[in-house]
Trainee: 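One structure, as C-alpha cells, below. Some questions next.
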Amino acid sequence: MNLIKIKGIDIRRIRNGPPKVSAQKLADFVGVSRKTIVNWENDVGCPSIIQFAKICFYCKISVGKYLMAVEQRRDEEKVIDLLSVRKDD
C-alpha cells in the first residue's frame, strides 16, 4: 500500500496563501497548538487526514486536487502548483 505523506513545505505553502493565515489561527481551527503546525511545516510529524482536510477547508484548497497533484509530483518529481488546487469560489 502506498501512503501519501503530506510534506511540511506543502502545509507552509498552503498556509502562506493567498490568503495568508497565521499559524495560530490555523491551529485554533484544526484544534492543535501553534507549535504543532510549525512542527508539521518542519516535517516533525504530520497531520492526520482529518486534520489535513481541516487545513485544506480553512485555506480553500481542494483535497482531491491536492492529492492528485501529490501523485503527479511523486511520478514526475515536480513542485505542486497550489494555486491550481484552490477551490473555485
Side-chain angles (χ1 to χ4, degrees):
M1 175 169 39
N2 291 330
L3 297 176
I4 293 176
K5 182 177 183 314
I6 298 159
K7 293 187 175 187
I9 188 72
D10 293 339
I11 296 171
R12 184 177 304 115
R13 290 176 62 218
I14 288 170
R15 187 175 65 75
N16 285 328
K20 187 169 181 157
V21 176
S22 75
Q24 186 61 59
K25 284 187 179 185
L26 185 58
D28 291 343
F29 183 80
V30 175
V32 298
S33 70
R34 185 195 68 76
K35 177 77 171 152
T36 297
I37 298 292
V38 171
N39 282 343
W40 290 342
E41 290 179 354
N42 291 313
D43 287 322
V44 178
C46 67
S48 71
I49 193 66
I50 299 299
Q51 291 166 325
F52 186 69
K54 287 180 180 181
I55 291 169
C56 289
F57 178 81
Y58 192 78
C59 297
K60 298 183 179 175
I61 296 288
S62 166
V63 175
K65 287 183 181 178
Y66 172 83
L67 293 175
M68 288 188 318
V70 167
E71 194 63 29
Q72 182 181 18
R73 174 178 63 195
R74 185 185 342 203
D75 293 342
E76 301 175 15
E77 292 301 317
K78 290 184 176 180
V79 173
I80 296 172
D81 177 9
L82 291 171
L83 293 179
S84 71
V85 298
R86 293 236 173 247
K87 291 181 182 177
D88 296 328
D89 290 327

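Values below: all heavy atoms of this structure, side chains included; hydrogens, waters and symmetry mates excluded.
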Trainee: For residues 48-57, which side-chain N or O atoms pair as donor and acceptor with protein atoms under 3.5 Å away, sequence neighbours left out?
Mentor:
unit_1	atom_1	unit_2	atom_2	d
S48	OG	I50	N	3.4
S48	OG	Q51	N	3.1
S48	OG	Q51	OE1	3.3
Q51	OE1	S48	N	2.8

Trainee: Using side chain to side chain donor-acceptor pair (under 3.5 Å) as the criterion, list what pairs up with N42, not counting sequence neighbours.
Mentor: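 Checked N42 against side chain to side chain donor-acceptor pair (under 3.5 Å); matches are R12.
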Trainee: Linking I/L/V/M/F/W/Y whenever their side-chain heavy atoms sit closer than 4.5 Å, directly or via other members, would V63 and W40 fall into one cluster?
Mentor: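 Yes, V63 and W40 fall within the same hydrophobic cluster.
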Trainee: Taking the side chain as everything from C-beta on, heavy atoms only, tell me whether V30 gets closer than 4.5 Å to P47.
Mentor: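 In short, these two side chains do not touch, never coming nearer than 4.5 Å.
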Trainee: Rounded at 0.5 Å granularity, tell me how far CD1 in I11 sits from CG in N16.
Mentor: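 Those atoms lie 12.0 Å apart.
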Trainee: Using the test side chain to side chain donor-acceptor pair (under 3.5 Å), find all partners of S22 that sit at least two apart in sequence or belong to another chain.
Mentor: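 Partners of S22 under the side chain to side chain donor-acceptor pair (under 3.5 Å) test: none.
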Trainee: Under the side chain to side chain donor-acceptor pair (under 3.5 Å) test, which residues partner R34, sequence neighbours left out?
Mentor: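 Side chain to side chain donor-acceptor pair (under 3.5 Å) check on R34 returns nothing, list empty.
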Trainee: What closest approach, in Å, do D43 and G8 show between heavy atoms, and which atom pair accounts for it?
Mentor: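 For D43 and G8, the tightest heavy-atom pair comes out as OD1-N, 2.7 Å.
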Trainee: Measuring from E41:CD to T36:OG1, what's the distance to the nearest 0.5 Å?
Mentor: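 Interatomic distance, E41 CD to T36 OG1, rounded to 0.5 Å: 11.5 Å.
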Trainee: What pairs with D28 under salt bridge (charged side-chain N to carboxylate O under 4.0 Å, His left out), at least two apart in sequence or on another chain?
Mentor: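 With neighbours one apart ignored, the set is empty.
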Trainee: Is V44 isolated, or which residues cluster with it under the ILVMFWY side-chain rule of less than 4.5 Å, directly or via members?
Mentor: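 Traced through the cluster, V44 reaches no other member.
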Trainee: Just verifying a value: how many Å separate I6 CD1 and Y66 OH, rounded to the nearest 0.5 Å?
Mentor: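 Going from CD1 on I6 over to OH on Y66, the span is 5.5 Å.
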